J.: 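Can you read through this structure? Questions will come right after.
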2 protein chains.
Amino acid sequence: MDVRTLCLGILTLGDASGYEIRKMFADDAIGEVFDANFGSIYPALNRLTEEGLVVCTAQAQEGRPDKKVYSITAEGRTLFTHELMKVPARDRFRSEFFVTLLFADLLPGDRVGDLIDGRIAHHQQEVARLEALARQESAGALNTPFMVGFGLAHHRLAVSYLTENRHLLENAGSPVAQIAE
Amino acid sequence: MDVRTLCLGILTLGDASGYEIRKMFADDAIGEVFDANFGSIYPALNRLTEEGLVVCTAQAQEGRPDKKVYSITAEGRTLFTHELMKVPARDRFRSEFFVTLLFADLLPGDRVGDLIDGRIAHHQQEVARLEALARQESAGALNTPFMVGFGLAHHRLAVSYLTENRHLLENAGSPVAQIAE
DNA sequence: TATCCCATGTAAAGCGTTACATGATTTA
DNA sequence: TAAATCATGTAACGCTTTACATGGGATA
């Protein structure tokens, strides 16, 4: 499943331009589990057009490039539903934050605490963002409540886990900890 | 932060061959947050050797290729600690499973339930694997308990979230749900 | 006045995955 | 006897990111 397939998927929800598709990846529930930027979306839409999976109608605008609105074709819809029936590839996750913490012993004493403070703040921001997203109950057939609920649960868990377990890293090897033993 | 940097990091824990580094990504805590396979590890080690960040001593073996054991140099250690001081890049997450569920409305009725059943089983397997990993309390200076604890919390959350919220997808638009309203 | 938003696109570089190539030993 | 483990490496392909290129309108 690549950006091209996901563009097709988004177009099953209604016509859209490349710019609007990008906005969905940035702001909507789908962005929680898949990212795509202009550099891959525009070529993907061109290729989908060549393949006859979408059609494009240009809307003239003043002072900016024509807005190119894409619509999925019957063949496109068929292809996408077949894609959905495939066994989903395993999740991919990469976190430089956690990599850094795995090597916490190599860092200066205060660095670990600062990193964790920043991370907790980040997760709290994400919670706020997703709560706002949930309130929008916005357009599209995407199952937003299910997805946003999972994101919220995840970020809340992260806040509490980090708060409750940071001592595992912050006290490691410090003089205080060694005296206490 | 790329595979090359991570190889360097693993070598701060002790000498290792490319094969052993790969095993760490596959079996140890670091594999929870970063993946790397032979195709990237071997070239990375060669480049690190050229750059003088690691040194290599070949151990002759019978019936198989010489085992090439790598040791980090002082310069390598310095470079890695500098890497750790950088602001970590944001996490990357991609999930075809969740993408599929976002488009649950396009799937046959029983498909969604099957997907979720399989996913719950997967998370339960991961819980079992991480519990075993935690029991090993194995080698290296990696902060395994902290990392494994997070992984366990995550997979347990996923099991309960999916169990408690699957009705949001499974009843959507079905006749029963519409009659009930 | 400055920043953000709208709007599309290209090209190159970077990075990683996958497949291929080889082959002995140990375990089930 | 089949499969997994040990052991290293190359090459091609694929995908994504980043930077570049352009520019008007709206908002703060």
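In what follows, every chain begins at residue 1, and chains take the letters A, B, ... in the order their sequences are listed. These figures come from a predicted structure and were not determined experimentally.
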J.: Considering only side-chain heavy atoms of Arg92(A), which listed nucleotide, dT10(C), dG9(D), dT17(C), is closest?
T.: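 From the listed options, dT17(C) comes nearest.
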
J.: Could you state the atom-to-atom distance from CZ of Arg90(A) to P of dG16(C) in whole Å?
T.: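 Going from CZ in Arg90(A) over to P in dG16(C) covers 14 Å.
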
J.: Taking only the side-chain heavy atoms of Asn37(A) (C-beta and beyond), determine which of dT18(D), dT8(D), dT8(C) contains the nearest atom.
T.: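 It is dT18(D).
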
J.: Taking the nucleotide of DNA chain C with the nearest heavy atom to each, does Phe34(B) or Tyr70(A) sit closer to the 5' end?
T.: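 Of the two residues, Tyr70(A) wins.
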
J.: In Å, rounded to the nearest 0.5 Å, how long is the span from CZ of Arg22(A) to OH of Tyr42(A)?
T.: 10.5 Å

J.: Would you mind telling me which of dT10(D), dT10(C), dT16(D) lies closest to the side-chain atoms of Asn46(B)?
T.: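 Minimum distance to the Asn46(B) side chain belongs to dT10(D).
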
J.: Tell me the interatomic distance from Asp27(B), atom CG, to dA4(D), atom P, rounded to whole angstroms.
T.: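 Computing the Asp27(B):CG to dA4(D):P distance gives 15 Å.
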
J.: Under 6.0 Å between ring centres, would you say that holds for Phe38(B) and Phe25(B)?
T.: no

J.: Can you measure Leu45(A) atom CG to dT8(C) atom C1' for me and round it to whole angstrom units?
T.: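 So the CG-C1' distance, Leu45(A) to dT8(C), works out to 11 Å.
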
J.: Rounded off to whole Å, could you give me the CZ-to-C1' distance for the Phe25(A) and dT17(D) pair?
T.: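 Going from Phe25(A) (CZ) to dT17(D) (C1'), I get 15 Å.
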
J.: Describe, in one word, how the ring planes of Tyr161(A) and Phe150(B) are oriented to each other, choosing from parallel (under 30°), tilted (30 to 60°) and perpendicular (over 60°).
T.: perpendicular

J.: To the nearest Å, how far apart are Lys67(B) NZ and dG9(D) C1'?
T.: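 Distance check: Lys67(B) NZ to dG9(D) C1' gives 17 Å.
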
J.: Starting from P on dG9(C), measure out to CZ on Arg22(A) and report it in whole angstrom.
T.: 16 Å

J.: Does dC6(C) have OP1 or OP2 under 4.0 Å away from a side-chain N or O of Tyr19(A)?
T.: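 So the side chain of Tyr19(A) is within the cut-off, an N or O lying under 4.0 Å from OP1 or OP2 of dC6(C).
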
J.: Assess, by modelled atom type and distance only, whether the side chains of Asn46(B) and Thr49(B) contain a donor and an acceptor separated by less than 3.5 Å.
T.: no

J.: Of Val69(B) and Met1(A), whose closest DNA chain D nucleotide lies nearer the 5' terminus?
T.: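 First, find each residue's nearest nucleotide; the 5'-ward one identifies Val69(B).
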
J.: Nearest heavy atom decides the nucleotide; on that basis, is Phe38(A) or Lys23(B) closer to the 5' end of DNA chain D?
T.: Lys23(B)

J.: Of the nucleotides dG9(C), dT17(C), dA7(C), which has the atom closest to the Ser40(B) side chain?
T.: dT17(C)

J.: Which pair of heavy atoms, one from Glu32(A) and one from Arg129(A), lies closest together, and at what distance?
T.: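 Looking at all heavy atoms of both residues, the shortest contact is OE2-NH2, 3.0 Å.
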
J.: Think Tyr42(A) has a side-chain N or O under 4.0 angstrom from the OP1 or OP2 of dT8(C)?
T.: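 So the side chain of Tyr42(A) is within the cut-off, an N or O lying under 4.0 Å from OP1 or OP2 of dT8(C).
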
J.: Counting heavy atoms from C-beta on, name the nucleotide in dC15(C), dT17(D), dA7(C) closest to the side chain of Asp2(B).
T.: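 Minimum distance to the Asp2(B) side chain belongs to dC15(C).
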
J.: Just to be sure I understand the rule, does Arg94(B) reach a base, reach only the sugar-phosphate, or reach nothing, if contact means heavy atoms closer than 4.0 Å?
T.: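 Counting heavy atoms under 4.0 Å across all strands, the contact made by Arg94(B) is with sugar-phosphate only.
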
